[in-house]
Amino acid sequence: MKIIFATQNKGKSEEVKAIFSGSGIEVFSLYDLGNNIDIEEHGKTFRENAFIKAKTVYDIYKVPVVADDSGLEIEQLDGRPGVYSARYAGDNCTYMDNNLKVIDELKNFPEPHKAKFISYAVYYDGRREIESIGELPGIIINEMRGKNGFGYDPVFIPDGFDKTISELDFDFKNKISHRAKSFAVLKVKLISTD
Ligand code: ITT
């Protein structure tokens with residue numbers, strides 16, 4: 001079975017391909033297909049945005065699609081950046097801009113800065129809608145550490161660890177992450193439903 005992953009994000013694409021490897025399901029991202037469609041994520045929730053991405057891409061290719069809408073919720077910032085995680089520091093901002101903005105906003109709050117990553121994963125094939133959520137709790141630190149991963153990984157230390165996700169290796173992130181959890185369950189639901 002072949003599935004399109006409705007993402008332009010190379011980091012996400014590599015993670016989800018690894019999660020599906022060996023399952024008999026082959027995953028191609030928009031990035032692999034050279035499709036740089038800009039899908040307007042106008043939903044107010046991760047769930048709405050995930051289905052917007054999946055259904056938009058299904059309408060183009062008419063093949064099964066998975067999508068993930070994800071982000072970081074920081075307690076002391078009342079859940080921000082949340083669904084606005086990708087462009088938190090403004091249109092066309094870099095991951096570094098977003099990290100610096102979060103560090104700056106947290107500088108007047110006492111530590112620890114509790115936060116969680118959320119991944120809302122969905123599947124759509126024109127008939128079936130399958131969904132699953134995964135979370136990774138942790139804290140935000142006031143500096144960027146490490147080179148791996150993407151997004152807010154350099155400022156996020158998962159609970160129970162003393163390294164940022166960017167200091168952990170790819171395979172390890174892919175065992176514990178919010179996306180690993182959401183897609184592991186999505187994969188099981190997909191294989192067991194018809
Ligand atoms: P697509 O919509 O094309 O999938 P995107 O990067 O815009 O790619 P989202 O809309 O889901 O994806 O935004 C998620 C943002 O949240 C992402 O750009 C990162 O800034 C952050 N994020 C999500 N998962 C993350 C992770 O595993 N590690 C670090 N940051 C993450």
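Counting starts at 1 for both ligands and their atoms, following the listed order.
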For this session: Take the angle between the ring planes of F5 and F183 and call it parallel below 30°, perpendicular above 60°, tilted in between.
Result: perpendicular
For this session: Heavy-atom cut-off of under 4.0 Å around ligand 1: list whichever protein residues fall inside it, by chain and number.
Result: T7, Q8, N9, K12, E41, K53, D68, D69, S70, G71, S85, A86, Y95, F117, F150, G151, Y152, D153, K173, H178, R179
Do NZ/NE/NH1/NH2 and the carboxylate oxygens of [X] and [Y] come within less than 4.0 Å?
X	Y	result
K101	D104	no
K10	E14	yes
K107	E105	no
E135	K181	no

Exercise. Which residues satisfy the salt bridge (charged side-chain N to carboxylate O under 4.0 Å, His left out) test with E73, sequence neighbours excluded?
Worked result: none
